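Report on the following structure.
Whatever order the structure lists ligands and atoms in, that order sets their numbers, starting from 1. From a predicted model like this one, the values you see are computed outputs, not experimental measurements.
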Amino acid sequence: TLHKKNILKKMLEIIEPKYLNLLRLLGIYGAELNFPVYVVGGFVRDLLLGKKNYDIDIVIEGDGLKYAKYVSKYLRTTFVEHKEFHTGSLFFKDGFRIDIATARVEYYEKPADLPKVEISTIKKDLYRRDFSINAMAIKLNPEEFGVLFDFFGCQNDLENGIIRILYNLSFIEDPTRILRAIRFERRFNFKIEERTLELMKEAINNNYIEKVTGMRLREELEKILSEKNVIDSIIEMGELSIFDHLFWHSKYKKEKVERFKKILKFKKWFENKCNIKNKKIKDFHIFLYSYLACENGEAAIYATERYGLPKKFINNLNRLNIIIEKFKTLPFKWKNSDFYNILGDIDDELKIVISGFLTSKEMEEKYIKYLKAISNLELKITGKDIIKKGISGKKVGEILEYIKIKKLDGEIQDEKEFLERLVISNE
Ligand code: CTP
């Protein structure tokens, strides 16, 4: 049952003129080629929720590639074609992008030489999508500009906050939807519908997650990690045993979530206070370090191979494990130099992850103090100053390191003077 409804008023209210005009143009070009044009998916969902979203996914009933080339010529965009999927992307000079896909028109032969019938393929296209909330389309051709196409009671689900698959094999055909269901549920504070949840559990327990490429799973995981309610999502994933299917040879434990929560909080502090805007800090890496720490080597190898992690990942993980052991066993007073001696020159991601493995409140405070000290540490002497004193070889580095440690612990105020005294006492 098709529910058609004009939502132009809503569009005028939410969509900025610049984008609304673009949508109008996209419809006009469709009319010129005699193709029905729709904007679909997340854009429509968010519009109905009253949210701006300028991820424009277009579906053409007809020849999407022909349409895309035509549009690209008039909009002066760069067209990138993905031939095998009958899709393509238009890139504007400022990087803005429109995705265009084809819903091919299909003709069904009727018996007894009756005329061929054309069936609405936008419906089929929408039916194959992940959830009802993402399966609506708005027509853009001028005569029907702003008409919402809702074939499956999608608006109802959106209003009632329900995540529902459209057909029973949905999770089997695309198991990444297991992760997407959780992401949308938490983002919008919706509920996964009962039958959908049942089929989801079935797909998980029948090892369908294992059938997806690591790359696609990684993308979905990264998206979950970039959402606001990440901790709730992780708890739910754990309870559904999703992690045990994502990361073999390790077991989900509630305490891993607690630890990651602590680490995320620390990360915020770290980026602000230490003034670090390091694009290399990836939540995905931080999560994996924290999740796989203290697990056996097999777990690390599995994750590295499956999710295309950099070589340094395993080294870092080993290093982290050694650090954690030392934290447990050594009765330090936790001077800055104690941290320095154990941690050495670890990278920023590890510095953040370490915060989840400190064993007391006191140690946490001292660790923060250490990080501040090391990030502000500026030696007023270099190797050259030491060489000038007639010292050479390995000794130079050792002295520099010695001075660095003393300075970290606040035992040196003036390193030039300290070097002077050091040289005299050595002579
Ligand atoms: N889609 C799908 N199955 C997937 C991924 C995507 O059916 N595994 C469909 C959905 O209709 C979705 C659209 O493709 O709305 C676009 O996908 P994507 O951009 O990943 O998601 P959005 O819904 O736009 O979500 P977000 O707001 O997170 O971008």
Just need the protein heavy atom nearest to atom 19 (O) of ligand 1, so name the residue and atom and give the distance. Asp57 OD2, 4.5 Å

Check each of Leu26, Val37, Leu23 against Phe145 using the side chain to side chain contact (heavy atoms under 4.5 Å, CB included) test, and report the only one that passes. Leu23

Nearest-0.5 Å distance that lies between atom CG in Asp63 and atom OH in Tyr70: 13.5 Å

Would you tell me which option among Lys51, Arg45, Arg129, Met136 has the nearest heavy-atom contact to atom 14 (O) of ligand 1? Arg129

Under the criterion side-chain hydrogen bond (donor to acceptor under 3.5 Å, both in side chains), I'd like the reasoning laid out for Glu210 against His245: C-alpha separation, chi angles, the key distance, then a yes or no. CA-CA 7 Å; Glu210 281 84 340; His245 291 270; 2.9 Å; yes

Mode of Asp55 contact toward ligand 1 - side chain, backbone, both, neither (heavy atoms, under 4.0 Å): side chain

Got an N/O contact under 3.5 Å between Gly42 and ligand 1? yes

Would you mind finding which of Arg128, Arg180, Glu220 brings a heavy atom closest to atom 21 (O) of ligand 1? Arg180

Side-chain ion pair, Glu219 and Arg216, N-O less than 4.0 Å: no

Shortest reach to atom 26 (P) of ligand 1 by a heavy atom, considering only Glu219, Lys223, Arg187: Arg187

Can a salt bridge be assigned to the pair Arg195 and Glu193 using a cut-off of 4.0 Å between side-chain N and carboxylate O? no

Among Asp99, Asp130, Val59, Asn134, whose heavy atom sits nearest atom 7 (O) of ligand 1? Asp130

Salt bridge flag under 4.0 Å for residues Lys267 and Asp283: yes

Polar side chain donor-acceptor pair, Lys407 to Gln413, under 3.5 angstrom: no

Take Glu173 and Tyr167, measure what side-chain hydrogen bond (donor to acceptor under 3.5 Å, both in side chains) needs, and give me the verdict at the end. CA-CA 10 Å; Glu173 277 180 12; Tyr167 57 101; 2.8 Å; yes

Numbered atoms and elements of ligand 1 in range of Gly41, under 4.0 angstrom, heavy atoms: 15 (O)

Any idea which part of Phe188 is under 4.0 Å from ligand 1, heavy-atom wise: side chain, backbone, both or neither? neither

Close-contact set for ligand 1 against Phe184 heavy atoms, below 4.0 Å: 23 (O), 25 (O)

Against heavy atoms of Thr176, which atoms of ligand 1 measure under 4.0 Å? 8 (N)

Find all atoms of ligand 1 within a distance of less than 4.0 Å from any non-hydrogen atom belonging to Arg183, and give their numbers and elements. 28 (O)

Give the atom numbers and elements of ligand 1 that come within less than 4.0 Å of a heavy atom of Asp174. 3 (N), 4 (C), 8 (N)

May I ask you to check if Lys211 and Tyr208 form a cation-pi contact, with NZ or CZ under 6.0 angstrom from the six-membered ring centre and within 45° of the axis? yes

Would you check whether Phe43 reaches within less than 4.0 Å of ligand 1, judged by its heavy atoms? no

